[in-house]
Enquirer: 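Sharing a structure with you now.
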2 protein chains.
Amino acid sequence: MADTAPSSLVSGRPASARRRYGNRPTMKDVAARAGVGLKTVSRVVNGEPGVTPDTERRVQEAIEALGFRRNDSARVLRKGRTASIGLVLEDLADPFYGPLSRAVEEVARAHGALLINGSSAEDPEREQELALALCARRVDGLIVIPAGDDHRYLEPEIRAGVATVFVDRPAGRIDADTVLSDSFGGARDGVAHLIAHGHRRIGFVGDQPRIHTAVERLRGYRAAMADAGLPVADAWVSLGSTAPERVRAAVAGMVGGPEPVTALLAGNNRVTVTAVRVLAETREPVALVGFDDLDLADLLGITVIAQDAAALGRTAAERLFRRLDGAAGEPRRVTLPTRLIPRGTGETPPPGLRK
Amino acid sequence: MADTAPSSLVSGRPASARRRYGNRPTMKDVAARAGVGLKTVSRVVNGEPGVTPDTERRVQEAIEALGFRRNDSARVLRKGRTASIGLVLEDLADPFYGPLSRAVEEVARAHGALLINGSSAEDPEREQELALALCARRVDGLIVIPAGDDHRYLEPEIRAGVATVFVDRPAGRIDADTVLSDSFGGARDGVAHLIAHGHRRIGFVGDQPRIHTAVERLRGYRAAMADAGLPVADAWVSLGSTAPERVRAAVAGMVGGPEPVTALLAGNNRVTVTAVRVLAETREPVALVGFDDLDLADLLGITVIAQDAAALGRTAAERLFRRLDGAAGEPRRVTLPTRLIPRGTGETPPPGLRK
DNA sequence: CTGAAAGCGCTAACAT
DNA sequence: ATGTTAGCGCTTTCAG
């Protein structure tokens, strides 16, 4: 066959020479089979006008017969838009981020875009690696839940036109659109709630201090205590890893120390879960308010400060697509409110006030 | 400037003519700035050998100065592999699928691939639309948690070389690699557990009958009852939507009917959650075993048949990449075991046997 | 209404 | 060690 002929002598590439994409037919193949020009196939595939019904039918038949499917990689290269966005989050397995991601996906879908997810595992390097890999794939936009606190590495990308929105935590050292929950206000409200129920010695167990929300929630905790004129003992505050062992030790220290707390604010869902386990074993009941709602928390009667993870994702995605649609203007910061849901653990009075 | 000159007269495209990808520099631009050939830039970017340290440095400088990042779309077009895989699941917000997806992501990452997620919302059409969109993007492989029961639409894709693995539920009308949990065995064990604790009238509330796992779990339920020589009243079995209202009605009917059940097998995590809520309000305690583990289920003392969602995802992804690495052979079906975790609700004896 | 030609940005194959 | 050329499969442009 023509296999050995120099390619410059044959206009078309012989079918047997196909290798890529596991032998997939191309528009050229469809055109040849339908006896039409390449562009006509393109028109049919993309539903563009200017094709007679008869021609269209012949092309459709060839498409069916060959099992053709448009190669979007090539399309993307030509068009310059991938109709996909990237989402860098901490851990897709975390019940907080699942709904957030799903909400982003729904907005993307409404805009005809696909979503590429990546988990940073709270590792700044991995966040950067992921975000840049997504940029190399030329996602149209990027939504980032930061693990690190320096996002200058994204500057060239943003300048090059990658719309970028930060969620849940603010960007570090760059100015960018951001959507946050009101961590400060939520924590303050939670602690005020405990104070209103008679507590004076209240502890706070939070995430690592390099995480923005952890610091904000601590601020909220301190603000509520200060507002009530209450002192805060050093032993009542513990920031660090949310690994169960660490949290367990922190909680145990607070309830078992010389100045034992009678109530606790748990800094996020993982902390809450462990705190509930530990407190189930204490003799005196300890009041608890957790940041982030949990499945089944109602059945367990856990009082929480709920964030709306889906709203966070939706808001961020909508802002992203508005930018992609050409919205100009300064980066904006949106803060979504939290909601205190009393369910029992937060309304337990301190021992002294008990009936 | 040369802007108006016909492009055939100028070797390079003037910088002002760039439009795509928001004005991004290309390798050509980098080459020009570094005063080297295009291929040399490619070598540096890809870490290929055969570049003097000095040349490399000059190229790196040009890359930095221009903020160049390789366009993977073009690379993909040329190489024929996208280094990405697709995962079509039901709902990323479901606590069962989050960990599954995360496990797939980890395996993908180990193979240098990105993961594109899509939620079918249990809609067969949407599943197909998503799967085919992923194929059009030329994902190297596809992992599908089926919503529909006819996957012949994937035949051309599979023939064209898209490695495909089904998880959690089997493929419909095509033969393909599949990874499942042992729904039948798990349900049978769960019901046997209840029978061993003295129950005779046991109900089953499951998902819609078009969902494979629902049917399998029902089979397991019936097998255990039959093994014990127990009859099954029609009123004790209810398949359908897992929406809270539907489940609530089904459970209420079973515990309040003329032949009230003393124990219940909940067909999946959503059913379990609602069942727990309903049963919390009944006068007589009703025993419960739930399919799928839940966060905090230990604190609530809910006995469950646990599936390992992460193992499901990991196993499927590993099979996928083995296929991508060239593994041949017939499609294989793997069934992962389930594990019964007694925590209380499944060990409650029926009223007659109570102390 | 239809098609030929150019080229998106990159890599493979082949010079030099 | 470095550069040149062709072409991945599609869309854009422009000519019939």
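Here is how names work: the chains are called A, B, and so on, in the same order as the sequence lines, proteins then strands, and each is numbered from 1.
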Enquirer: Side chain of K79(B) only, heavy atoms from C-beta on: which candidate in dT11(C), dT12(D), dC10(D) is closest?
Expert: dT11(C)
Enquirer: So, for R33(A) and A62(A), which heavy atoms are closest and what is the spacing to 0.1 Å?
Expert: CG-CB, 3.7 Å
Enquirer: Taking OP1 and OP2 of dT11(C), is either one under 4.0 Å from a side-chain nitrogen or oxygen of S42(B)?
Expert: yes
Enquirer: Rounded off to whole Å, could you give me the NZ-to-P distance for the K28(B) and dG3(D) pair?
Expert: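 Distance, rounded to whole Å: 15 Å.
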Enquirer: Measuring from the side chain of T52(A) (C-beta onward, heavy atoms only), which nucleotide among dT2(C), dA4(C), dC8(C) has the closest atom?
Expert: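 The closest nucleotide is dT2(C).
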Enquirer: Nearest to the side chain of T40(A), heavy atoms from C-beta on, is which of dG3(C), dT2(D), dC10(D)?
Expert: dG3(C)
Enquirer: Could you check how far CG of L38(B) sits from P of dG7(C), rounded to whole Å?
Expert: 16 Å
Enquirer: Any salt bridge linking R323(B) with D325(B)? Criterion: basic side-chain nitrogen under 4.0 Å from a carboxylate oxygen.
Expert: no
Enquirer: Looking only at side-chain atoms of R43(B), point me to the closest of dG9(C), dG3(D), dA1(D).
Expert: dG3(D)
Enquirer: Can you tell which of dG3(D), dT2(C), dG9(D) lies closest to the side chain of V36(B)?
Expert: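 Of dG3(D), dT2(C), dG9(D), dG3(D) is nearest to the side chain of V36(B).
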Enquirer: When the distance from CE of M27(B) to C1' of dT4(D) is rounded to whole Å, what number comes out?
Expert: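 Rounded to whole Å, this separation is 16 Å.
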Enquirer: Go through the N and O atoms of the side chain of R78(A) and the base of dG7(C), and report whether any donor-acceptor pair is under 3.5 Å.
Expert: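 Indeed, a donor on one side and an acceptor on the other fall under 3.5 Å apart.
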Enquirer: Can you measure N71(B) atom CG to dG7(C) atom C1' for me and round it to whole angstrom units?
Expert: 14 Å
Enquirer: Heavy atoms from C-beta onward define the side chain here; which of dT11(D), dC1(C), dG3(D) lies closest to that of N46(A)?
Expert: dT11(D)
Enquirer: Just wondering, are more than 12 heavy atoms of other shown residues or ligands nearer than 6.0 Å to CG in D149(A)?
Expert: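 Atom CG in D149(A) is not packed in, count stays at 12 or less.
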Enquirer: Considering heavy-atom distances to DNA chain D, does E48(A) or G37(B) have its closest nucleotide positioned more toward the 5' end?
Expert: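 Of the two residues, G37(B) wins.
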Enquirer: Using only side-chain N and O atoms of T55(B), determine if any of them is under 4.0 Å from OP1 or OP2 of dA1(D).
Expert: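 No, no such contact exists.
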Enquirer: Atom CZ of R24(A) to atom P of dG9(D): distance rounded to whole Å?
Expert: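 Taking atom P of dG9(D) as the reference, CZ of R24(A) is at 11 Å.
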Enquirer: What's the closest nucleotide to the V51(A) side chain, out of dT11(C), dC10(D), dT2(C)?
Expert: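 Within the option list, the nearest is dT2(C).
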Enquirer: Between C1' on dC10(D) and CZ on R69(A), what's the gap in Å once rounded to a whole number?
Expert: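 Taking atom C1' of dC10(D) as the reference, CZ of R69(A) is at 16 Å.
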Enquirer: Quick check on R57(A): does its CZ atom have over 12 non-hydrogen neighbours (other residues, nucleotides or ligands) under 6.0 Å away?
Expert: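 Yes, because the 6.0 Å sphere around CZ of R57(A) holds more than 12 heavy atoms from other groups.
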Enquirer: Touch check for R70(B), heavy atoms < 4.0 angstrom, all strands: base, sugar-phosphate only, or nothing?
Expert: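 Contact class for R70(B): sugar-phosphate only.
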Enquirer: Provide, to the nearest angstrom, the distance between the CG atom belonging to L77(B) and the C1' atom belonging to dC8(C).
Expert: 9 Å
Enquirer: What is the ring orientation for F321(B) with H111(B), classed by angle as parallel under 30°, tilted 30 to 60°, or perpendicular over 60°?
Expert: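 Taking H111(B) first and then F321(B), their aromatic rings lie parallel (interplane angle under 30°).
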